[in-house]
Amino acid sequence: MTTHYILETEVKEKLSQMRRNPYWQEAPDGAFKEMEEVVGSRWITKEKVARQAYCGRGYGFEQYSYLGLSYPPCIIVLPASTEEVAKIVKICNKYNLPYLPMSSGWMITAFPRHRPDMVLIDLQRMWEWKIDRENMVATLGAGVRYGHHCQGCMEYDLWFINTGGGSASCVIANTINYGVSPLNYRMGNAERRALSLEWVTPEGEIAYSGSWTQGEEGFWGDGPGPNLMGMLRGLDSWNGGMGIVTRMSLKVFPFLENATKVLVPEGITPDTHLSFKDTDRIRWINFQLPDRKSMEECIIEASHTQIGAAWTKVPVFWRYIAIAKDKEDFWEKWSGVNKEDIDNFHLLRTLFVGYTSKKQMEYELKVCEDIMKKYGGKERRTRPSDESWIKNADANGMYMMTNSYISTLGGQESLRCVFETGKRLGDLLSRHYEECFLPQKGDVGWWQSNDFGHSAYLEFMLYQNADYWDPISPFFNPEIHEKGLKWAMEVVSDVSNDTGACNFFGAFHHGLLYKGPNWSNFQVWVDRFKNEFDPDRLSNPPAPYDPEEMIESLPHGMLTKIRSYIRRAKRG
Ligand SMILES: Cc1cc2nc3c(=O)[nH]c(=O)nc-3n(C[C@H](O)[C@H](O)[C@H](O)COP(=O)(O)OP(=O)(O)OC[C@H]3O[C@@H](n4cnc5c(N)ncnc54)[C@H](O)[C@@H]3O)c2cc1C
């Protein structure tokens with residue numbers, strides 16, 4: 001109790017010290033007036049009520065690791081075109097004002113951190129959406145959200161991935177930072193779906209990539225000379241620290257005929273889904289495998305045969321979320337599950353689609369049957385509907401059991417590597433951390449095959465009630481706070497550095513200075529590009545170095561290992 005009190009006091013004191021800046025800072029009048037001339041008075045404000053509403057939220061992890069570090073922006077401005085964005089960025093450069101782009105604002109890096117003088121550029125008015133049906137290319141603006149994009153594609157019998165973040169998140173922000181879905185198995189990773197882009201550089205110039213450099217339609221992602229896409233998009237990306245992507249063209253893919261008619265939306269929020277009852281050309285099937293080894297070998301072989309539209313293994317407790325009536329029901333059911341049950345539960349979830357014909361799907365199902373015979377896979381009863389991946393409707397259900405969670409690893413590598421990484425994390429969590437978090441009982445996380453098994457994705461999550469790890473909540477628990485940070489920042493970094501599962505949670509999860517040396521020192525390139533394109537560090541500071549700043553502002557004694565490493569690297 002005493003230790004708890006001292007730590008709690010220390011954290012609170014530290015939080016007040018971190019607010020070393022005044023909370024409110026007014027923008028120079030000249031800057032405001034110049035921006036107002038660009039967008040018109042309706043689309044700009046410096047009113048405190050609006051500014052407070054744009055003060056950092058984020059979800060789960062950010063709620064606890066960034067508390068006390070968020071500030072209201074000094075101006076909020078909503079441009080409607082690329083030219084307006086470029087003009088605003090130039091004004092920020094003229095007045096030496098830091099700025100940041102926001103799309104849907106799911107991520108804390110879409111809000112000002114560490115300083116009160118930032119201009120927030122909200123992109124939600126950038127609403128262009130058009131489709132070239134014949135060449136299967138969509139062109140869209142930065143404000144377009146997945147819900148609209150996926151519905152739009154389906155109206156042309158095309159489809160595209162949707163993310164676990166839900167239909168409200170924006171397609172461009174997601175594609176340049178992450179872009180992961182089980183549907184990447186057939187549609188490929190984000191760097192291959194993204195074609196041409198239009199970019200406002202950190203200094204306010206407009207540049208293009210792909211076939212847009214030639215004044216052509218955005219049908220091609222490449223072109224003569226160096227390709228900007230590689231500089232702007234990576235598995236561990238800029239999070240607003242390298243200017244603003246205002247338009248993009250994306251590859252979209254053939255889907256079912258009359259997709260919007262045969263996939264029927266049903267249910268009442270939060271229990272909504274797309275029903276497959278009117279079509280026999282799409283099916284999710286769950287297969288129970290006898291042991292972990294056969295499940296792993298089975299997904300490798302299935303990926304080689306290139307059948308199916310998705311192959312994924314989900315955390316076992318997700319199944320309990322799916323069947324639970326409410327939070328209490330979840331905990332009742334989940335507490336009856338023990339480690340042995342998890343060790344004996346090996347479920348692969350796979351999607352089949354008859355894109356071209358029913359016959360094509362039947363052929364794939366026959367191949368699947370042969371593979372399942374070989375590995376002892378048994379088909380289980382599976383709901384004929386989709387909640388998550390075609391038009392994501394269940395993102396918020398993920399918070400049901402604990403009201404908050406953090407994704408601590410989003411790793412991309414080979415299937416073999418993600419199996420190993422998941423096992424190590426599952427084992428470490430159950431041995432040393434489980435008493436502080438939702439017990440996962442040794443489960444190996446969520447993984448999926450990407451690009452027909454040429455790569456794979458692993459996500460490992462940590463669940464806890466936000467009230468326990470929020471230092472200003474009356475229920476704050478310093479042990480949970482510290483253990484959560486240690487797990488996310490140090491333990492997961494150490495494991496992924498060792499196994500090679502490159503973590504894409506860059507600018508707010510893992511310190512670049514800590515993991516960079518294991519990844520060809522990519523932080524050196526981050527600095528070189530920053531110095532060249534954003535020498536005054538105005539584009540969303542401190543991204544992509546948020547974790548470094550956040551770790552340094554923690555109370556003394558927390559995360560000592562990573563902290564001393566970062567200090568040495570900075571002196572460097
Ligand atoms: C519960 C949950 C589950 C998720 N699951 C997945 C998943 O399965 N797969 C996946 O891929 N993602 C997932 N995400 C991430 C999610 O889809 C993000 O919301 C998305 O990637 C970012 O889009 P956004 O519109 O929220 O961007 P924002 O939060 O607005 O911005 C994200 C970052 O990009 C910058 N930015 C925004 N727009 C631009 C732009 N136009 N140009 C340059 N920089 C920009 C911002 O400054 C910020 O740093 C998940 C998120 C949550 C909360």
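Numbering of ligands and ligand atoms starts at 1, following listing order.
Near Gly243, meaning under 4.0 Å from one of its heavy atoms, ligand 1 places the atoms 43 (C). Near Gly179, meaning under 4.0 Å from any of its heavy atoms, are these atoms of ligand 1: 11 (O). Below 4.0 Å from some heavy atom of Leu123 lie the following atoms of ligand 1, by number and element: 38 (N), 40 (C), 41 (N). Contact atoms of ligand 1 toward Gly240: 35 (C), 44 (N), 47 (O), 49 (O) (distance under 4.0 Å to a heavy atom of the residue). Residue-ligand proximity, Ile176 to ligand 1, at heavy-atom distances under 4.0 Å covers atoms 42 (N), 43 (C), 44 (N). Which parts of ligand 1 touch Asn540 is read off a 4.0 Å heavy-atom cut-off, strictly below it: atoms 47 (O), 49 (O).
Ligand 1 has a nitrogen or oxygen under 3.5 angstrom from a nitrogen or oxygen of Ser103. For Trp446, no nitrogen or oxygen atom sits less than 3.5 Å from a nitrogen or oxygen atom of ligand 1, counting backbone and side chain alike. Some N or O of Trp106 is nearer than 3.5 Å to an N or O of ligand 1, by distance alone. Taking any N or O of Pro101, backbone or side chain, at least one lies under 3.5 Å from an N or O belonging to ligand 1.
Between Asp534 and Pro202, the closest heavy-atom pair is CB-CB, 3.7 Å.
When heavy-atom distances to ligand 1 are checked against a 4.0 Å cut-off, Tyr405 comes that close only through its side chain, counted from C-beta outward. The residue Thr246 has no part lying near ligand 1, judged by heavy-atom distances below 4.0 Å. Proximity of Asn239 to ligand 1, defined as any heavy-atom pair under 4.0 Å, is shared by backbone and side chain alike.
Around atom 51 (C) of ligand 1, the closest heavy atom drawn from Gly165, Ala168, Pro544 belongs to Gly165. Looking at Asn184, Thr109, Asn174, Val180, it is Asn174 that brings a heavy atom closest to atom 12 (N) of ligand 1.
For Phe219, there are no ring pair (Phe, Tyr, Trp, His ring centres under 6.0 Å) partners two or more places apart in sequence or in a different chain.
Trp238 and Phe533 have their aromatic ring centers separated by at least 6.0 angstrom.
Put simply, no part of Ala543 is less than 4.0 Å from ligand 1, judged by heavy atoms.
A cation-pi contact, defined as under 6.0 Å to the ring centre and within 45° of the axis, is absent between Arg349 and Trp318. Geometric assessment of Arg186 against the ring of Phe253 yields a negative cation-pi assignment under the 6.0 Å and 45° thresholds.
The number of heavy atoms from other shown groups lying within 6.0 Å of CD (Glu191) is above 12.
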